[in-house]
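Quick note on labels: first sequence line is chain A, next is B, and so on, each numbered from 1. Since we're looking at a predicted model, the values are computed, not measured.
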Protein chains: 4
Amino acid sequence: VSLALTFADEGCAEALSDERFLAAMARFEGALAQASAKAGVVPATDAAIIAAVCERASFEPKELAQAARNAGTLAIPFVKQLTAQVAAVSVTAARHVHFGATSQDVVDTALMLCLREAAGRLAALSACLGDATALQAKQHARAPMAARTLLQPALPIPFGWKAAVWLSLLTRAHLGLQRAAREIRVLQFGGAGGTLSAFGPQGDAIAGALAAELGLRVPDITWHSARDGIARFGAETAILAGAAGKIARDVVLLMQPEVGEASEPAAAGRGGSSSLPHKRNPAACLLALEAAQRTPGLASTLLAQLTPEHERGIGQWQSQWLTLRELVAAAGSATAAMGEVVAGLQVHTDAMRANLERSKGLVYSEAVSIRLARELGKAAAHALTEKLCQAAVRQNQSLLEAMRDDAEARRIVPEEELPQLFDPQNCFGSARPMIERALASWRDAREAAEEA
Amino acid sequence: VSLALTFADEGCAEALSDERFLAAMARFEGALAQASAKAGVVPATDAAIIAAVCERASFEPKELAQAARNAGTLAIPFVKQLTAQVAAVSVTAARHVHFGATSQDVVDTALMLCLREAAGRLAALSACLGDATALQAKQHARAPMAARTLLQPALPIPFGWKAAVWLSLLTRAHLGLQRAAREIRVLQFGGAGGTLSAFGPQGDAIAGALAAELGLRVPDITWHSARDGIARFGAETAILAGAAGKIARDVVLLMQPEVGEASEPAAAGRGGSSSLPHKRNPAACLLALEAAQRTPGLASTLLAQLTPEHERGIGQWQSQWLTLRELVAAAGSATAAMGEVVAGLQVHTDAMRANLERSKGLVYSEAVSIRLARELGKAAAHALTEKLCQAAVRQNQSLLEAMRDDAEARRIVPEEELPQLFDPQNCFGSARPMIERALASWRDAREAAEEA
Amino acid sequence: VSLALTFADEGCAEALSDERFLAAMARFEGALAQASAKAGVVPATDAAIIAAVCERASFEPKELAQAARNAGTLAIPFVKQLTAQVAAVSVTAARHVHFGATSQDVVDTALMLCLREAAGRLAALSACLGDATALQAKQHARAPMAARTLLQPALPIPFGWKAAVWLSLLTRAHLGLQRAAREIRVLQFGGAGGTLSAFGPQGDAIAGALAAELGLRVPDITWHSARDGIARFGAETAILAGAAGKIARDVVLLMQPEVGEASEPAAAGRGGSSSLPHKRNPAACLLALEAAQRTPGLASTLLAQLTPEHERGIGQWQSQWLTLRELVAAAGSATAAMGEVVAGLQVHTDAMRANLERSKGLVYSEAVSIRLARELGKAAAHALTEKLCQAAVRQNQSLLEAMRDDAEARRIVPEEELPQLFDPQNCFGSARPMIERALASWRDAREAAEEA
Amino acid sequence: VSLALTFADEGCAEALSDERFLAAMARFEGALAQASAKAGVVPATDAAIIAAVCERASFEPKELAQAARNAGTLAIPFVKQLTAQVAAVSVTAARHVHFGATSQDVVDTALMLCLREAAGRLAALSACLGDATALQAKQHARAPMAARTLLQPALPIPFGWKAAVWLSLLTRAHLGLQRAAREIRVLQFGGAGGTLSAFGPQGDAIAGALAAELGLRVPDITWHSARDGIARFGAETAILAGAAGKIARDVVLLMQPEVGEASEPAAAGRGGSSSLPHKRNPAACLLALEAAQRTPGLASTLLAQLTPEHERGIGQWQSQWLTLRELVAAAGSATAAMGEVVAGLQVHTDAMRANLERSKGLVYSEAVSIRLARELGKAAAHALTEKLCQAAVRQNQSLLEAMRDDAEARRIVPEEELPQLFDPQNCFGSARPMIERALASWRDAREAAEEA
C-alpha cells in the first residue's frame with residue numbers, strides 16, 4: 001500500500017493494482033489456451049492445464065519489474081514465470097503457453113479488462129454523485145440565492161437551478177465515460193505482426209472464442225498502433241474529474257465564512273487544521289480540486305501517444321497503464337469525494353437570502369424596469385429605473401425606498417404591488433423548465449446506463 | 001492574412017476567422033430580435049430593422065480588440081458598435097438590441113455557429129482521407145511488406161492491412177468528431193444569471209425560436225459554466241490530428257531512402273530544400289506531424305477549463321475560441337495534407353518485397369515450424385526450426401538453403417513444396433477478414449455521417 | 001489586426017508579428033552576406049547590395065504562407081522572393097543570397113531576434129508589476145487582514161506581507177525569464193548538415209562576424225535538433241504568466257463584495273456588464289487568469305518537441321514560433337494587466353480589519369495562549385485557552401469577554417493588558433523581516449537586470 | 001514494490017519512496033524541536049526526546065493514507081502518529097511536537113529533502129550519460145556518416161559531431177537541473193498563516209537554526225503559495241528526459257536494419273521478443289522514449305498549479321509530490337538507460353560509410369561546385385555542377401564518373417585531384433571546432449557541478 005492512495009479512490013486504485021493487472025494477464029493466457037484448443041490448435045488437455053494454472057498463478061512483482069525493465073515489457077518475464085508454473089505441472093502443456101500471441105496482446109487486453117472494472121466503479125460513483133445532485137436540484141428548486149458572474153453578484157437564481165447546471169455536466173460525463181469505456185471493451189489479439197499469422201485461417205475463430213471467454217468484443221482489426229480508444233477514455237475520465245471539480249469549486253467559494261451559503265458535511269477527522277483548532281477546511285472538495293488539476297496533463301499524455309511507429313511503437317503503449325492508473329484513481333477520488341459532499345451538503349438558505357439582499361434591491365432592477373414599461377414603454381421605463389437606482393445608491397437607501405420617494409414610480413406601481421417586484425421568486429425566468437429538463441436527462445442517462 | 005496560415009487548413013481557418021466570428025455574433029443578435037418579436041417582447045418592426053442591419057453590419061476588428069481588452073469580453077464593444085449601426089437607422093429599434101442576453105450568450109453561440117462550419121470542413125477532409133486510405137487498403141490487400149515492431153522487421157504483412165489499421169483509426173476519428181460536433185450544436189442563451197430572467201415565463205419560447213432560426217438545439221439548461229462539450233470537441237479534434245499524424249509517421253519512415261518503400265506524391269514546389277538541390281523532403285507529412293505535436297497541449301488547455309467559478313467564470317470561456325482556432329486549423333492542416341499524400345502515395349512494392357527478403361527467410365520461420373509440426377509435433381518442430389535458423393545465420397545462407405542442407409528437413413518437406421513456405425502470401429493469417437471489416441466499418445461511418 | 005489581440009499584450013504581439021518576423025529574416029540574410037564578404041567568400045559589392053535590399057525588402061505574407069505550406073518551411077519562398085528583389089538590382093549579387101545557410105538557420109535566428117525584443121518587453125512589464133507590488137508591500141507592511149488557508153480565515157497577517165509573497169514570485173520570474181532569454185540570444189547557423197560545410201575552414205569566422213552583426217552569441221555547436229533553450233524559455237514565460245495569475249487570483253477573491261477587501265482600479269470602459277448596469281467586473285484580473293490558464297498547455301507543447309529526428313526534425317521546430325507567439329502574447333497580457341491592477345489597487349483596510357474581527361477574537365487564541373503560558377506553563381495555558389474559546393462560541397461572546405468572565409484568566413492577565421492580546425500588530429511574527437528580505441531581493445533583481 | 005518501477009530508475013524512485021518521505025517528515029519535526037530549544041521556546045530535554053523518537057519513528061503508511069484522505073493532508077495523521085510515539089516516552093515532550101508549524105511546512109520541507117536526494121541521483125546519472133557521450137564525440141570526431149534532415153540524407157558529417165550535439169543538450173540539461181535543484185533547497189516554515197506568528201520575534205532565529213540543521217536555505221519569505229520553484233524543477237526534469245529521449249530517437253532510427261549504423265549494446269535478457277526469436281529490440285532506448293513522452297504532460301501539471309488561493313491553496317501543493325515522483329522516476333529511467341546505451345553503443349562505421357555512398361556522390365556536389373568555382377566563378381561552377389549531377393542521375397553513374405565524362409570538368413580538375421573532392425573528411429566544415437567547444441563546455445559543466 002502506497003501513500004499515493006491518499007489521493008486515489010480505493011476501488012479505482014484496486015481495479016488497476018499490480019495484483020489485478022497480473023491476474024488479468026494470466027486470465028488472457030488461460031483463455032487463449034482454451035480458445036486455441038477449441039480450434040484444435042492446442043490439445044484440449046494441455047489447454048485445461050494452462051487454464052487451471054492461470055487461475056491460481058502468483059507472481060513476484062519485484063522480480064517482474066526488474067526483468068521488465070530489461071525487456072522493455074512486462075510480458076516477457078511474465079510469460080516466463082507463467083510458463084515455469086505450467087511446466088511444473090506439465091512440460092508438454094508449457095510448450096503451448098502464449099502460443100501465437102505477442103507481448104502487446106496480453107498487456108493491452110489485461111489493461112482493457114482492468115479498465116472495465118475501473119469504469120464500472122467510476123460509473124457507480126458518478127451515479128451516486130448525480131443522484132445526490134438531482135436531489136439538491138429538486139429540493140431547492142425555489143430557494144433564492146445570488147447568481148455570481150466573474151465572482152460578482154448578478155441576479156436571483158434558485159439554488160436548485162445551480163445544482164441542475166452541475167447535474168447537466170454530470171449527465172454528459174456519466175454517459176460519455178460509459179460510451180468511451182464500452183468502446184474499449186475490445187480484445188487485443190494480433191500476434192507478432194498483428195495479422196494472427198501463426199494461426200493461418202483459424203485466427204478469426206480463435207479471436208472470437210477468446211473474446212467471448214473474456215467478455216470483450218473482437219475489434220475490426222488489431223489496434224496495436226491505433227491508440228485512439230485509450231485517448232478518448234482518458235479525455236472522458238478527465239472530464240468526469242472536471243465535473244466533480246466544478247462542483248467543488250462552487251462549494252469552496254460558498255463555504256467562505258464571508259459568504260457562508262453552504263458547507264461540506266462535517267465528518268469525524270475531516271477538515272481539521274494541524275495548527276489552528278477553530279478551523280474547518282473543505283477537505284473533501286480539496287480532493288476533487290486536486291484531481292481536476294492533475295487530469296488535464298495526464299489526459300494530454302495519452303493524446304500525445306497517437307502516433308506510434310509502424311506496427312508497434314517505441315514508448316507509447318508501454319506506459320499507458322501507468323498514466324491511466326493515475327487518471328482513473330484521480331477521477332475516482334474526485335467523484336467519490338463530491339458524492340459525499342453533495343449528499344450531505346449543508347445549504348444555508350438564510351445566508352443565501354441575506355447575501356442577496358445586501359445589494360439593497362439593485363438586483364431587482366430588471367423586474368422594476370419591466371413593470372414600469374407596461375405603462376411607459378421600454379425606453380422611458382429603463383431611463384426611470386436607472387434614475388431610481390442612482391438615487392438609491394446616492395442616498396444609501398433601498399431601491400424600494402427610492403421608488404416610494406419618486407412621484408412617478410409611486411403613481412405607476414401601487415404600494416401593495418411593490419413587494420412582488422422585490423420577490424426573488426418572481427425573477428426566476430425559465431429556471432423551472434430548465435431544472436426539469438436537466439432532471440429528465442439525468443433519469444434517461446441512468447436508465448440508458450442500466451440497459452447497457 | 002497571417003503567416004500563421006502556413007500551418008493551417010485555409011477552410012478551417014476561414015470558418016473561425018475574425019470576419020466569420022463577428023458575422024456569427026451579428027447573426028445571433030438578429031435572430032434574437034426576431035425570436036423576441038415572435039414572443040411579443042420586441043415590436044416586429046424594430047426586430048426587422050435589427051435583423052436587417054445585422055445581416056450587413058460591418059465591424060472594426062482593431063477597435064473592437066482594443067475595447068474588448070478593457071471590457072474583458074468582445075461582446076460589450078461589439079454590442080455597442082452594432083447598436084450604433086442600428087440607431088443610425090432607427091433609434092427606437094436600437095433600444096432592443098441584445099435585449100435579455102448576456103455577453104457570453106452571443107460569444108458562445110457565435111463560437112458554436114463557427115465550429116459547426118469548421119466541423120463540416122473537418123468532416124469533408126477526413127472523409128477524403130478515409131476514402132483514399134480505403135482505396136489503398138483494397139488495392140494492396142495482398143502486397144507483402146515487413147511488419148515492423150519497435151522499428152525492427154517482424155513478419156510479412158500486406159501493405160493493404162497496414163492501410164486498414166490507419167483506416168480503423170480514421171473511422172473512429174471521423175465518427176467521434178462528428179458526434180462531438182453534433183453535441184455542441186446548441187444554443188447558448190441564459191441572460192445575465194443564466195435563467196433568462198428578463199423574459200419571465202416567455203424565455204423558453206424565445207430560446208426555441210432563436211435556436212430554430214440559427215439551426216441549433218435548445219440545451220436542457222444554460223451551459224455558461226459547463227464547458228465539457230468544448231473539451232470533448234477539443235479532444236476529438238486532437239484525435240483526428242493524431243490519426244493523420246500516425247499515417248504521416250509511417251510514411252516518413254517508409255520514405256527514408258534506406259527503406260524506400262513509399263513516397264509522398266511529388267508536387268510542384270513541394271519538398272525541395274533551400275540548400276540541397278538533390279533532396280526531396282516529406283513536406284506534406286511534415287504538416288501532419290507538426291499538427292499532431294501541438295494538438296495535445298491545446299486540447300489539455302480545454303480540459304483544464306472545466307471548473308469555472310459559479311455562474312460565469314473568470315478566464316476560462318473567454319479564450320476558448322483562441323484555443324479552438326489553433327486546434328481546428330491544425331487538425332485541418334494535418335487531415336488535408338494526408339488526404340493528398342494517401343491519395344497520391346507512391347507505393348514501391350518491389351522495395352517492400354526486397355526489404356522483406358533481406359532477412360534471408362528468417363521472417364518465414366513461423367511457417368516452416370508449422371509445416372514441420374505436421375509430422376514431428378509442435379515441440380520437435382520448433383526445436384528443428386531453431387536449429388535451422390541458427391545454421392542459416394552461421395553460414396550466411398538463407399533459411400531455405402539451410403533446409404535443403406538438413407537431412408531431416410529435406411525428408412519431411414519435398415523440394416516442390418518448399419517455395420510455398422517462403423511465400424509471403426501464405427503468412428497473412430487473418431489479414432483479409434480484418435481488412436474487410438475495416439472497410440465495411442468505414443462504409444458504415446460514411447453512410448451514418450451522410451444521414452446525420 | 002486580429003481579434004486574437006484581445007488577449008495579447010500589443011507590444012509582445014508586435015515583437016512576434018508577421019512583419020517583424022519577416023524583417024528579422026531579411027536582417028539575417030543581409031548580415032550573412034556581409035559576414036561572408038568579410039571572409040572573402042562573397043564579393044563585397046554584392047554583399048553591400050544584398051544588405052541594402054534586405055534593409056528595405058518587403059514581402060507578400062499571403063503568398064508566402066501559401067508557398068510555405070507547400071514547402072514545409074517559410075524560408076524557401078522567402079529566399080525566393082528576396083532573391084528576386086536582389087536580382088532586380090543585380091543579377092550577380094542575387095547569386096549569393098542565402099549562400100551556405102539552410103532554411104532552419106534563417107527561421108531560427110529570426111525567431112531569436114524577435115524573442116529578444118519580446119523578452120525585453122516582458123522584462124519591462126514585469127519590472128513595472130514588481131515595482132508596484134514592492135510599493136504595496138512597503139505601504140501596507142502593518143495593515144492587518146486575515147490570512148486565508150483553503151479559503152478559510154486563519155490568523156492576522158499584514159497585507160504588505162501578502163504582497164511580499166507576490167513579490168517573491170515576481171522576483172524569481174523576472175530573473176528566470178531574463179536568464180532564459182539570455183541563453184537563447186544565440187545564432188543559428190549550420191548550413192545544410194549543421195557543420196557549415198559550404199565554408200570549409202572559414203565557417204567559424206563567418207559565424208562570428210554574423211553573430212556580432214546581429215548582436216547574438218555564437219553557440220558551441222549548431223542547435224537545429226537541440227530545442228531545450230526554447231523549452232526553457234517557454235517554461236519561464238508560463239511561470240511569469242502564472243505569477244501574474246496568482247496575484248489576480250487573490251485580487252478577484254478579495255474583490256468579492258462579501259469580502260470587499262480590495263478592488264481593481266476603476267477605468268473608463270473597464271469591467272462593465274453587457275446586461276447588468278450595477279456590476280463591476282474584475283476585467284483586468286480576468287486577462288491574467290485567462291493567460292495563466294493557457295500557458296501550461298502551450299509550454300508543454302515546447303517540452304514535447306525535444307526529440308526531433310537526427311539533424312533536422314519533422315514537425316518540431318517548424319511550428320515553435322506559433323506556440324511562442326501565443327505564449328509571449330499571453331504572458332505579456334497577464335503581466336501588463338496586473339501591472340495596472342497592482343499600481344492602482346484600492347486597498348480597503350477597514351474591510352480587512354472588519355473581516356478579521358468577525359471571528360470574535362478566536363483568531364487571537366495563539367496570542368492568548370502564549371501570554372497565559374508565562375504563568376501556567378504551556379500545557380495548562382493551552383488547555384485554558386481551549387476552554388475559553390469553547391465558552392466564547394457557546395455563549396456567542398468574544399474571546400475577550402470570555403476572558404473577563406473567567407476568574408483564572410482575569411487573575412493572570414490584568415484588564416489593562418488585555419487589548420494588547422487582541423491587537424493584530426502583535427501577531428505578525430516574522431512578517432517584517434520577511435517583507436524586508438523580499439524587497440531587498442527585488443531591488444537586487446532590478447539592478448542585476450539593468451547590468452545585464 | 002510496485003510494477004510502476006518497470007518504468008522508473010530505482011535510485012530516483014527510492015529517493016521519493018513512502019519510506020523516505022515519511023522519514024524526511026520526521027526529520028523536519030525532530031529538527032524543529034531542537035531549533036526551538038535553541039531559541040528557548042521548547043525545553044531542551046523535551047526537544048532531545050522528540051528528536052530521538054523522530055530518528056527511529058516508524059509509521060503505518062496504509063493507515064496514514066486513509067486518514068490523510070479524510071484530512072486532506074498527510075501531515076495531520078502523521079503528526080498524530082508521531083505525537084503518540086513521543087508520548088509513549090514522555091507526555092510532556094509530546095506537547096511540543098510540531099509546535100508552531102503547519103501541515104504544509106512539514107510536507108513541503110520533506111519534499112525538498114527528498115528532491116535533494118533525487119536531484120543528486122539525477123545529476124550522477126546525467127554525468128554518466130554526458131561522459132559517455134563526450135567519449136563518443138571524441139572517438140568518432142572524424143567518422144563520416146550522412147547527416148539526415150527530415151529523415152533524408154543531406155551531407156557527410158562526422159558521427160562525433162552528432163554526438164557533440166547530443167552533448168550540448170546534456171550540458172545544458174545537467175546545469176539546468178542542478179540550478180533548479182539548488183533553488184529549491186529551501187526550508188518551508190511559516191506556521192499557520194505563513195508569518196511564524198507563534199514565535200513572536202524569535203521566528204527568524206528558529207527558521208535559521210532549523211534550516212541549518214536540515215542543510216537547507218532560509219527563503220526570503222514563506223512560499224506556501226509561491227510554487228514556481230517546483231514548476232521550474234519540473235520543467236528541467238522534463239528537459240533532461242527530453243535530452244535522453246533525443247539520443248534514443250536517433251539511436252532507434254540508426255538501429256533500423258535497413259540503416260544499420262548503430263546498435264544498442266547487447267545485454268542478457270534485453271531486447272528479446274515474446275513471439276519472434278530472431279528479433280533484437282531497442283529495449284533501453286524504449287525506456288528513454290517512453291519517459292520523454294510522459295514528462296511534458298507531468299511538467300504542465302506543475303505549471304498549472306501556480307495560482308493557489310491566498311495563503312494556502314486548495315488542491316495544488318497537496319499533490320505535487322505525486323507528480324514529482326512520476327517526473328523524477330521517468331527522467332531517471334531515461335537518463336540511466338541512455339547512459340548504458342551510449343557507453344556501450346556499437347557504432348558501425350562501415351555501414352555509415354556505405355549508406356553515405358548510396359547517393360553515388362551527389363552528397364559531394366557542394367565540394368565539386370566550390371572547386372570548379374576557383375576557375376569558373378561561382379555562377380558558372382554552380383551551373384556546371386547541376387549539369388553534372390543531372391547527367392549522373394540520368395545515366396545511373398556516379399558524380400565522379402560524370403566528371404570524368406565531361407570535357408570541361410576534366411580540364412579543370414586533374415584526375416589525381418578528384419578523390420579529394422569525394423572524400424567526406426574534406427566536407428566537415430567547422431565540425432571540429434564545434435566538437436571541441438561542446439567538449440570544453442561539458443568539462444566546465446562537470447567542474448562547476450563538483451564545486452557546487
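Of the two parts of B:V252, neither the backbone nor the side chain holds a non-hydrogen atom closer than 4.5 Å to a non-hydrogen atom of chain A. Residue contact with chain A, scored on non-hydrogen atoms closer than 4.5 Å, involves the side chain of B:E236 exclusively. Proximity to chain A (any heavy atom under 4.5 Å) is shown, for B:I239, by both the backbone and the side chain. Heavy-atom distances place the backbone of B:P219, and not its side chain, under 4.5 Å from chain A. When heavy atoms are compared at a cutoff of 4.5 Å, B:F199 does not approach chain A at all. With a 4.5 Å cut-off on non-hydrogen atoms, B:T222 touches chain A through its backbone and its side chain both. Interface remark: B:H224 contributes no atoms to any contact with chain A (heavy atom separation under 4.5 Å).
For A:D250 (side chain) and B:H310 (main-chain N/O), a donor-acceptor pair under 3.5 Å exists by modelled atom type. The backbone N or O of A:R227 sits nowhere less than 3.5 Å from a side-chain atom of B:K246 that would complete a donor-acceptor pair. For the pair B:R249 (side chain) and A:T307 (backbone), a donor-acceptor distance under 3.5 Å is present. A distance-only check finds no donor-acceptor pair linking the side chain of A:S197 to the backbone of B:C427 [under 3.5 Å].
At a threshold of 4.0 Å, the pair A:R148-B:E309 does not count as salt-bridged, since none of the basic side-chain nitrogens sits closer than that to a carboxylate oxygen. Comment: A:E183 engages B:R179 in a salt bridge, judged by a side-chain N to carboxylate O separation of less than 4.0 angstrom.
Between B:A164 and A:I221, the closest heavy-atom pair is CB-CD1, 3.5 Å. A:G193 and B:L155 get closest at one heavy-atom pair: N-CD1, 3.8 Å. The minimum heavy-atom distance between A:A146 and B:E311, with the atom names listed, is O-OE1, 4.1 Å. Of all heavy-atom pairs between B:R172 and A:A226, the closest is NH2-CB, 3.7 Å. Considering every non-hydrogen atom in both A:A154 and B:A192, the closest pair reads CB-O, 4.4 Å. Contact record, A:A238 with B:L303: CB-CD2, 4.2 Å, taken as the closest heavy-atom pair.
Counting heavy-atom pairs under 4.5 Å between each of B:T195, B:T295, B:L167, B:L306 and chain A puts B:T195 at the top. Top candidate by heavy-atom pairs under 4.5 Å with chain A, chosen from B:P433, B:A440, B:A299, is B:P433. No other option in B:S225, B:P158, B:S369, B:G190 has as many heavy-atom pairs under 4.5 Å with chain A as B:S225. Taking B:A173, B:G313, B:A198 one by one and counting their heavy-atom pairs under 4.5 Å with chain A, the maximum is reached by B:A198.
Side chains of A:D220 and B:S441: a donor on one and an acceptor on the other come within 3.5 Å.
Between the CG atom of B:D228 and the CG atom of A:L169 there is a distance of 4.5 Å, given to the nearest 0.5 Å.
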